[in-house]
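Heads up: the structure comes next, in structure tokens.
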Amino acid sequence: SPSLPSTLLQKQKMSSTVRKLIQKKFKIRGYTLKIDSLDQILSFTNRFLGAEDEALDLLLDHLQSQSQKLGVRSSILDKEPVSRAITALLEADDAVDEDFIANGAVSSSTSAIRVIDAFLIPKFRYDPIKKQFHEHTGGLHIHGDASAKAALYKDRFLLLYQRVLRDSHFSKPAFHTEMSHYGSCEIAPIQSLVGQMGRRWVMGVISQLEDGHFYLEDLTASVEIDLSKAKVTTGFLSENTIVVAEGEMLVNGIYQVITCGFPPLEERDKSLKSLAQHDFFGGGTLTKEETLRLAELEKRSLNDMFVILSDIWVDSEEAMGKLETVLDGFESQEVVPSLFVFMGNFCSHPCNLSFHSFSSLRSQFGKLGQMIGAHQRLKEHSRFMFIPGPEDAGPSTVLPRCPLPKYLTEELQKHIPNAIFASNPCRVKFYTQEIVFFRHDLLYRMRRSCLMPPSTEETDDPFEHLVATITHQSHLCPLPLIVQPIIWNYDHCLHLYPSPHTIVLGDRSEQKAFKYTGITCFNPGSFSNDSTFVAYRPCTQEVELSAL
């Protein structure tokens with residue numbers, strides 16, 4: 001068409017003007033740009049048409065603050081530092097609601113909440129030689145080979161081992177003086193126990209290499225253990241858990257355990273410092289300034305609330321009636337919740353090979369969508385997230401589980417177009433806060449797999465023992481793989497390292513909440529059975545145990 005050449009000329013002219021503006025602004029600040037970095041900045045400014053000036057000032061401020069932090073100032077800018085700065089700014093921009101900044105209004109839940117699918121979480125491996133983590137590159141197969149199973153145990157062990165080495169009680173003394181032996185409990189490799197007399201501290205995975213015979217394994221060797229006289233700490237000690245044990249070798253080659261407990265926990269901030277800006281959670285890395293800015297916004301989000309319900313049986317009229325009562329109650333509130341989390345199971349019968357009512361289940365999900373859609377304020381201002389349960393429809397019961405099948409949720413999505421269908425487990429980032437959701441009947445299975453009764457010195461509450469187990473193990477499901485299969489290449493999706501701010505454990509057991517070493521943990525209980533649910537305020541980490 002005749003107008004096409006003039007449009008192209010206009011675009012070229014605009015591009016030339018912005019290019020000159022970029023060069024001028026960077027020259028004033030004492031920078032010289034290489035061609036590839038100039039092109040990158042040009043594509044960055046194209047995102048902010050009409051506000052190129054402000055975008056460039058923000059980018060320059062960020063570059064200068066970064067160079068001051070690192071103590072490096074180069075006048076020639078190449079692609080790498082520019083790319084790093086642009087990525088950080090765009091991530092922060094995604095996380096922060098622009099309306100909130102411009103008008104001081106309450107931010108919408110959509111901008112503050114970011115859901116991370118388990119299968120998209122980056123994988124990191126610890127190198128014990130270089131003493132640092134490196135990101136796994138390349139694809140991860142669902143059906144891993146035999147080496148992937150061995151790597152699963154190795155990765156779990158090294159993750160906790162590097163954490164233990166930073167603990168003052170287990171770190172190697174700098175000077176070998178007489179006094180050092182009293183305050184230090186240096187971890188010895190299991191291989192070094194051969195021919196040694198006296199007490200030694202070791203760390204390893206509890207394995208049953210022979211029926212009825214338990215062993216402790218590390219990366220060097222394995223040794224049979226005797227737990228009959230062991231004094232244990234809080235938590236469920238089961239096969240597959242990693243423990244730190246004090247004991248001595250007997251004449252028959254068995255290691256007599258005297259004291260046994262889980263590896264000590266590490267504060268979240270201390271873990272983050274050792275990670276060299278690696279993004280273990282999957283929500284993107286932010287600079288200190290951006291984190292402070294988001295923390296400030298988080299403090300103002302006092303009205304934000306998450307409502308979490310577990311066991312929403314869509315095929316039960318009684319359960320749907322109770323859910324409608326809950327939705328009616330929140331619809332009439334002045335400020336509606338930002339997020340509703342519906343956790344499985346979504347059917348009162350297990351969706352296994354003997355289940356043949358999938359078309360009926362699909363229409364029942366559609367009715368649930370209709371029910372939610374009838375609450376106009378909730379539909380407009382709240383988000384709805386669905387997490388499958390252990391007995392829901394899916395390819396298998398292996399963890400992590402993929403989202404609910406599209407066939408079942410299509411009808412619901414017609415009524416609630418912005419519904420989120422998440423994996424199990426899944427992660428949510430709310431401003432700076434990291435929240436992990438996991439639906440599994442974990443308490444019953446951990447108690448069944450326990451090798452010996454847990455210590456009652458600190459607590460006799462089973463839920464508190466469960467929380468201590470998963471946090472110290474830095475793993476959501478430290479059960480033997482024969483009890484709960486896990487996709488070998490995706491075991492990292494269940495890691496809890498660094499410790500998140502909140503862990504939501506959807507379990508059919510009694511509703512509970514427990515704050516352990518700064519980590520908020522709670523179980524909303526079974527809604528269909530007990531009519532219980534939880535209202536959670538992420539800003540204050542306040543848990544309201546609720547029931548109809």
Side-chain angles (χ1 to χ4, degrees), residues 8-98 100-102 111 114 120 122-124 127 130-138 269 272-297 429 431-432:
L8 285 169
L9 281 167
Q10 198 176 1
K11 281 184 179 177
Q12 284 172 358
K13 195 177 177 183
M14 279 172 67
S15 176
S16 175
T17 309
V18 175
R19 199 178 279 265
K20 283 176 185 173
L21 177 70
I22 292 166
Q23 287 170 325
K24 184 184 172 184
K25 277 191 165 287
F26 276 74
K27 197 174 181 180
I28 290 167
R29 300 268 191 121
Y31 290 114
T32 306
L33 292 169
K34 288 188 176 180
I35 293 170
D36 53 358
S37 58
L38 177 61
D39 290 337
Q40 203 156 22
I41 295 163
L42 189 64
S43 73
F44 170 69
T45 53
N46 287 341
R47 291 168 176 265
F48 306 98
L49 294 172
E52 291 92 347
D53 220 310
E54 292 83 353
L56 285 170
D57 283 338
L58 194 64
L59 179 59
L60 279 160
D61 289 344
H62 188 84
L63 282 164
Q64 282 188 328
S65 71
Q66 284 297 98
S67 58
Q68 281 168 7
K69 253 195 249 176
L70 298 168
V72 179
R73 177 67 197 249
S74 173
S75 60
I76 300 168
L77 278 178
D78 55 24
K79 192 178 178 180
E80 195 185 340
V82 170
S83 174
R84 219 170 27 238
I86 287 170
T87 305
L89 287 172
L90 290 175
E91 282 174 350
D93 191 59
D94 287 342
V96 179
D97 184 18
E98 289 172 7
F100 189 103
I101 298 162
S111 61
R114 185 174 176 192
L120 300 176
K123 183 171 186 169
F124 291 90
D127 185 336
K130 294 180 180 176
K131 289 187 166 41
Q132 62 185 34
F133 285 95
H134 60 87
E135 189 169 357
H136 173 84
T137 52
D269 291 342
L272 288 170
K273 279 178 188 173
S274 69
L275 294 182
Q277 292 295 305
H278 285 313
D279 175 28
F280 274 62
F281 194 76
T285 52
L286 298 172
T287 63
K288 193 177 179 181
E289 290 81 5
E290 288 150 1
T291 305
L292 289 170
R293 186 172 67 166
L294 288 175
E296 189 58 42
L297 291 170
K429 192 147 188 177
Y431 292 117
T432 63

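Just the heavy atoms: all of them, side chains too, but no hydrogens, waters or symmetry mates, feed the values below.
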Output all residues satisfying ring pair (Phe, Tyr, Trp, His ring centres under 6.0 Å) with His278, sequence neighbours left out; order by chain, then residue number.
Phe124
Set of residues satisfying side-chain contact (heavy atoms from CB on, under 4.5 Å) with respect to Asp57, sequence neighbours excluded:
Lys25, Arg29, Asp53
Can you establish whether the number of heavy atoms outside Ile28 located under 6.0 Å from its atom CD1 is more than 12?
yes
Which atom names give the shortest non-hydrogen contact between Lys429 and Gly284, and what distance separates them?
NZ-O, 3.8 Å
Sequence-distant partners of Ser37, side-chain hydrogen bond (donor to acceptor under 3.5 Å, both in side chains), two or more places apart:
none
Please round to the nearest 0.5 Å and tell me the distance separating atom CD of Glu135 and atom CZ of Phe280.
9.0 Å
Checking Asp78 now: which residues fulfil side-chain hydrogen bond (donor to acceptor under 3.5 Å, both in side chains) with it, not counting sequence neighbours?
none
Rounded to the nearest 0.5 Å, what's the gap from OG1 on Thr45 to CG on Leu56? Could you check?
6.0 Å
Identify the heavy atoms of Ala88 and His62 that sit nearest to each other, and give their distance.
CB-NE2, 4.0 Å
Which distance, rounded to the nearest 0.5 Å, do you find between the CD1 of Ile41 and the CG of Leu21?
11.0 Å
Residues that Phe26 engages under ring pair (Phe, Tyr, Trp, His ring centres under 6.0 Å), provided they are two or more places apart:
none
For the residue pair Val82 and Leu38, establish whether any side-chain heavy-atom pair is separated by less than 4.5 Å.
no
What are the two closest non-hydrogen atoms of Gly282 and Pro122, and how far apart are they?
CA-CD, 3.7 Å
Separation between CZ of Arg84 and CG of Leu63, rounded to the nearest 0.5 Å
9.5 Å
Ion pair present between Asp39 and Arg19, side-chain N to carboxylate O less than 4.0 angstrom?
yes
Holding to ring pair (Phe, Tyr, Trp, His ring centres under 6.0 Å), I want the full list of residues that pass it with Phe281, two or more places apart in sequence or in another chain.
none
Heavy-atom closest pair, residues Gln40 and Ile86:
O-CD1, 3.8 Å
